[in-house]
There are 2 protein chains.
Amino acid sequence: MKRTSLAGDSCPVARALDVFGDWWSLLIIRDASLGRRRFGEFQASLGLAKNILATRLRTLVERGILKTVPASDGSAYQEYVLTPKGHGIFPILVALRQWTEEFDEHPDEIATIMVDRDRGKPVKKLALLSQDGRVLGAADTTLKLRPVRKVAKRASA
Amino acid sequence: MKRTSLAGDSCPVARALDVFGDWWSLLIIRDASLGRRRFGEFQASLGLAKNILATRLRTLVERGILKTVPASDGSAYQEYVLTPKGHGIFPILVALRQWTEEFDEHPDEIATIMVDRDRGKPVKKLALLSQDGRVLGAADTTLKLRPVRKVAKRASA
DNA sequence: TTGTGTGGTTGCAATATTAAACCGTATGCC
DNA sequence: GGCATACGGTTTAATATTGCAACCACACAA
């Protein structure tokens, strides 16, 4: 009855969800990208049980999303910061944010807007472009089987 | 001990996760966006237990991501299709996919690539633009408190 | 009218989440 | 140094969710 792992799945969406697709991981990553680094900061901000936070931080470190560094204030504690792989999650956070901004039933309850730091103006919606520069919607795309170079090991369908 | 609900949260990321932030919902939505519509199709594709699939479909319908329609083949069964709100999740799926493409340890196990339907060429990476057209990274953005128009009801921080 | 496929529901065992108590190590303060 | 307290967890026990398998109702076919 173990929660089924998606790690070996051949779908890239499933593989991403396997890494940070649970209730708390993305919120921890969001907090980290807002500059929070300490165990206590995450706990206070998210209000989740400490044991859960501990296991989540541990697996996020294992998976290369976060890394631990010595505390910046000189104390003997450690802090958790995003790796490049963790920073790469930023567009996903933006996509989630923009979906809520567009479709949520109570947009008045959204506290913040994302702005361009230089100008202070709201950012535009994420755009998916073709190689020749056209804006693509879902209907303008398809999936193609990836050409296999050497030997594919475990991928199924 | 009920799983804490994020519905009333003021963070748009949390609000999105509250709607489809569990293990299976996004995969169901992915399947739906690939054209799968029937209970059995989802079940065979995802390999999840039928009771779980049933509850997920029900809540996704309740939350306006999917809607049920009479079966397209004339049989008396029903099918599940994405609403506009559900189609709006597409950029999130793209962002997840692209993260895996860029950071996964075994990219050779990824089966498909997303291509522009017209040309058959891979799509470009999602781009976040400022209003004056600059490409923005995480460090080029900040969050600003949303100006409150009328009375904010429940939002906290 | 008997059989089969589809679309579920029900019951039970295993696992995950939660809150709360506990604990060792650092700091802070005297 | 000595005591109190904060930090960063681990442990425990209750509850909720997940997963599997068996069951069931209805539609459709023969």
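Order of the sequence lines fixes the chain letters, A, B, ..., with proteins taken first and strands second; residue numbering starts at 1 for each chain.
The distance between atom CG of A:Asp22 and atom C1' of C:dT18, rounded to the nearest whole Å, is 15 Å. To the nearest angstrom, P of D:dG19 lies 9 Å from CG of B:Asn51. Across the protein-nucleic acid pair, B:Ile52 atom CD1 and C:dT9 atom P stand 13 Å apart, rounded to whole Å. Distance NZ (A:Lys50) to P (D:dG8): 9 Å, rounded to an integer number of Å. One atom, CZ of B:Arg56, and another, P of C:dT9, lie 14 Å apart when rounded to the nearest Å. Rounded to whole Å, the distance from OH on B:Tyr77 to C1' on C:dG8 is 11 Å. Rounded to an integer number of Å, the gap from B:Phe39 CZ to D:dA25 P is 17 Å. Rounded to whole Å, the distance from CD on B:Glu41 to C1' on C:dT6 is 12 Å.
When each of B:Trp24 and A:Gln78 is assigned the nucleotide of DNA chain D with its nearest heavy atom, A:Gln78 is the one assigned upstream, toward the 5' end.
Salt bridge present: A:Lys85 and B:Glu105 bring a charged side-chain N and a carboxylate O closer than 4.0 Å.
With contacts defined as side-chain heavy-atom distances shorter than 4.5 Å, the pair B:Arg37/B:Ser72 qualifies.
Checking the phosphate oxygens (OP1, OP2) of C:dG8, a side-chain nitrogen or oxygen of B:Tyr80 falls inside 4.0 Å. For A:Arg38, a side-chain nitrogen or oxygen approaches OP1 or OP2 of D:dG8 to under 4.0 Å. Phosphate contact (OP1/OP2 of D:dC7, side-chain N/O of A:Ser75, threshold under 4.0 Å): absent.
Residue B:Phe90 is grouped with residue A:Leu143 when hydrophobic side chains (ILVMFWY) are merged at heavy-atom distances under 4.5 angstrom, including chains of intermediate members.
Side chain to side chain, B:Arg15 and B:Ser10 fail the donor-acceptor criterion of an N or O pair below 3.5 Å.
Residue contacts for A:Ala49: at a heavy-atom cut-off of 4.0 Å it reaches a base atom on one of the strands shown.
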